[in-house]
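Sequence lines set the chain letters: A, B, ... in the order given, protein chains first and strands last, and positions in each chain run from 1. Values in this document were obtained by computation on a predicted structure and should not be read as measured data.
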Amino acid sequence: VISPDLESRLARVEAAQARSTATHEIQNLMGRYEFWHVANLHQRCLGLFALETPGVRIEVPGGLYEGRAGVERFFLAYHGDHDADRPGSRLDGDMHMHTLTTPVIEIADDLRTAKGAWISPGHETMAGRNPHTGEPLPAKPRAYWAWIKYGADFAREHGHWKIWHLGVYATFLAPYDTSWVDAEHVPTKAALPPDKAPDRFLEDPAPWMYAADKPHLNVPPPPEPYATFDEATAYASP
Amino acid sequence: MMTASSRTRKEHTMTLKPRTCEEQVQMLADLHEIQNLFSRFLYLHLAGRDEETADQFAQETPGVRAEFPTIGIYDGIESVRRFYVGAGKHVEDDRLGHLHLHTLTTPVIEVARDGQTAQGVWISPGVETAPNKNGVRALWHWIKYGVDFVKENGTWKLWHLHIYRIFSTPPGQSWAEPTPVPDLNLPEEIRPDRPSSYTWVYSPEVATEHIPAPPAPYDTWDESRAYVQG
């Protein structure tokens, strides 16, 4: 016979253990996404997303890719011609490295969803074509500092955590030897052909991008503890 | 005054009492809350939410302290709030062009065996950007954090915050070249209570130091462990 006190203690331990495990799995999920992204394994990244959950989406600077079809277009078409798993891809000198720091991760009390925010110091080295505009680049790759923030919602599918809404919030993109105060804005999605374009074009530059005449915004806001998912708090332009 | 030897000594003070399964689970929850707290503190600071930034410190626990290497030490929660809120009003003004972006990497966090305090260190690549009379000054700004935390009414709070410089350098310039520290010219109402205890910064003429040393496991709080000495 288990005493009520022991039962209550066991329940508390089990709930805390489930939250700790979820936090670890979500950090690993996002970390795996970054390792695959920098290795240009874009098709493989599709498996990290909640493709069967309504509302799956990715917001990147300049555009929003919505639903399963949008997410597939992002990884298979937008990133399609520089994918290491596809023969003939142009990969030499192409490197887009984003790190995950300063995490705030909250698991819903119902353990069905989670939310996270990260600050990401990183760099982008563009070769072959400008991945944002599709325009051809000179033979020598161009190197930029790329500092961004992430705000992401996570859902469980078949017992595994998956990325549900991924928001990429750029802070600055500046040539490696130029201050972000002086860097010229690099236009993003406007020139893309329809088969690579987002479902929705967004303000570019976004209001949260650094500029000397703007205040820096609290976007994305780090998540607060919560009981169950509220669409009003969703990341990535709901 | 903090010395390299005093901080190094604490790294080797090991706790001997193992945690039960229940206590280990609680410790994992504490570690997560502490990382969330300190990350959230930096998001709020970056967004200029100065009152909320100060709210992340302990409000009722004696001995709250914050030390900034080129400014000084603030003693007590009222003084720490005076700094964050006052600096927001007087130094950042309308916040146009400001970007005080600090990240948290390489964490070492230890929760006391009694679960009432914790200590952590982080390496922080970041940027500082602020308007001055010559335009807008941008710097790569790498620092380390040494922080003590305390549980107040069941919630983790910042207790002692210490920022340690690594280097500040303009984009395009090596950190091995000197970068003058700007004269902050702080208004009287946000000046520190006392001078900094430690002002190391990288230069080709100095060796790196093992400060702040990562915390060692410990049983219960001992004031000599504090990252900002009282």
Toward chain A, the part of [X] with a non-hydrogen atom under 4.5 Å:
X	value
B/His102	backbone
B/Trp122	neither
B/Leu139	backbone

Atom [atom1] of [X] and atom [atom2] of [Y]: how far apart are they, to the nearest 0.5 Å?
X	Y	atom1	atom2	result
A/Glu106	B/His32	CD	NE2	5.5 Å
A/Ser179	B/Gln173	OG	CD	12.5 Å
B/Leu28	A/Thr21	CG	OG1	8.5 Å
A/Thr23	B/Gln35	OG1	CD	11.0 Å
B/Leu101	A/His216	CG	NE2	6.5 Å
A/Phe172	B/Thr129	CZ	OG1	7.0 Å

(request) Identify which part of A/Pro103 has an atom lying under 4.5 Å from any heavy atom of chain B, answering side chain, backbone, both or neither. (result)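 Its backbone and side chain both get close to chain B.
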(message) Quick check on A/Ala117 against chain B: is it the side chain, the backbone, both or neither that has a heavy atom closer than 4.5 Å?
(response)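 When you check distances to chain B, atoms from both the backbone and side chain of A/Ala117 fall under 4.5 Å.
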Please examine the side chains of [Y] and [X], heavy atoms only from C-beta on, and report whether any two atoms are closer than 4.5 Å.
X	Y	answer
B/Val127	A/Trp145	no
A/Asp213	B/Leu96	no
B/Tyr43	A/Ile119	yes
B/Leu46	A/Lys149	yes

Are more than 12 heavy atoms from other residues, nucleotides or ligands located less than 6.0 Å from atom [atom1] of [X]?
X	atom1	answer
A/His160	NE2	no
A/Phe201	CZ	yes
A/Glu184	CD	no
B/Trp175	CH2	no
A/Leu6	CG	yes
B/Trp140	CH2	yes

Please give me the minimum heavy-atom distance between [X] and [Y], naming the atom from each residue.
X	Y	answer
B/Val25	A/Ala16	CG1-CB, 3.2 Å
B/Ser39	A/Thr102	OG-C, 3.1 Å
A/Trp180	B/Pro171	CZ3-CG, 3.6 Å
B/Arg40	A/Pro223	NH2-O, 2.6 Å
B/Ala47	A/Asn218	CB-CB, 3.4 Å

(message) For the interface with chain B, which of A/Thr171, A/Asp177, A/Thr101 has the highest count of heavy-atom pairs at distances below 4.5 Å?
(response)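 Ranked by heavy-atom pairs under 4.5 Å with chain B, first place is A/Thr101.
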(request) Output the option from A/His24, A/Arg19, A/Glu224 having the highest count of non-hydrogen pairs under 4.5 Å with chain B. (result)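 Of A/His24, A/Arg19, A/Glu224, A/Glu224 has the most heavy-atom pairs under 4.5 Å with chain B.
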